[in-house]
Each structure stands twice: as structure tokens, then as C-alpha cells.
Amino acid sequence: MRQQTNVKPEDNGKAFTFTVTTRFTVFLDDQNYPVNELKCSPDGIIGMVSNGSMRGPGLYPVMFEALQTGQCTLTDRDFSVQLTIN
């Protein structure tokens, strides 16, 4: 089965599991969920891929990479997903 690597608005409240080095893309609405408010806590579990913004800085979609094992919560206003990195 292929791993889902796109996170979309309809995934709000869901949990995702990725392996270290997996890249995944977040597709949210720029107006409702500004990229500069998108955070994953605690820091250091995932990292934004610098050339992973296809429409330019500050706009979705945004690509992330799983950096190390652990758990974090990716949030932006009322959007939230739980990430587990193995």
C-alpha cells in the first residue's frame, strides 16, 4: 500500500506516520492558513524543504522532510495533524 504523502484540509485531526527522510507536502488555503503560522511542535522532528514551495515563498503547497524519530503536532490556526516519525 502506498503511503499518503499529501496533507490536505480534509485531514484535519488525523494522524500520519512517516519514516525518517520521507518528504511530504502540505496543501492548505493561503488565506485561511498562512504559511508563516504553520508550526510543528516540538521543533526538530520535521523540517521545511527550502526549494519545496512550488508557487514561491509564503504560499502552499509546502514540502517538509521527516528529520528524526519522534512525534510532533503540525498546526495552523484551527488545523492540526499529529505526526509520528519512525
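For the atom pair CG of Leu74 and CD1 of Ile46, the computed distance is 5.0 Å after rounding to the nearest 0.5 Å. A distance of 10.5 Å separates CG of Asn12 from OG1 of Thr75, quoted to the nearest 0.5 Å. Between the CE atom of Met54 and the CG atom of Asn51 there is a distance of 10.0 Å, given to the nearest 0.5 Å.
Using a 4.5 Å heavy-atom threshold, the side chains of Asn86 and Phe18 count as separate. Leu38 places none of its side-chain heavy atoms less than 4.5 Å from the side chain of Tyr33.
Checked against salt bridge (charged side-chain N to carboxylate O under 4.0 Å, His left out), Asp30 has the following partners two or more places apart in sequence or in another chain: Arg55. Not a single ring pair (Phe, Tyr, Trp, His ring centres under 6.0 Å) links Tyr60 to another residue, sequence neighbours left out. Evaluation of the side-chain contact (heavy atoms from CB on, under 4.5 Å) rule for Lys8 yields Gln4, Glu10, Asp11, Phe27 as partners, not counting sequence neighbours.
Applying the salt bridge (charged side-chain N to carboxylate O under 4.0 Å, His left out) test to pairs two or more places apart or on separate chains, those with a residue in residues 70-86 are Glu37-Arg77. The disulfide (SG to SG under 2.5 Å) analysis of residues 22-64, with sequence neighbours excluded, yields the pairs Cys40-Cys72.
What you find for Thr25 and Pro61 is that their closest heavy atoms are CG2-CB, 3.4 Å. Smallest separation of non-hydrogen atoms from Ser80 and Thr73: OG-CG2, 3.3 Å.
For Phe24 and Phe16, the ring centers sit 6.0 Å or farther from each other.
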In a table with atom names and distances, give each donor-acceptor pair under 3.5 Å that connects a side chain of residues 63-71 to protein atoms at least two apart or in another chain.
residue: Gln68; atom: NE2; partner: Gly44; partner atom: O; Å: 3.2
residue: Gln71; atom: NE2; partner: Thr84; partner atom: OG1; Å: 3.1

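Placement of Val49 and Leu83 in two distinct hydrophobic clusters is found when ILVMFWY residues are connected by side-chain heavy-atom separations under 4.5 Å, directly or transitively. There is a path of hydrophobic side-chain contacts, each under 4.5 Å, that joins Phe79 to Met48.
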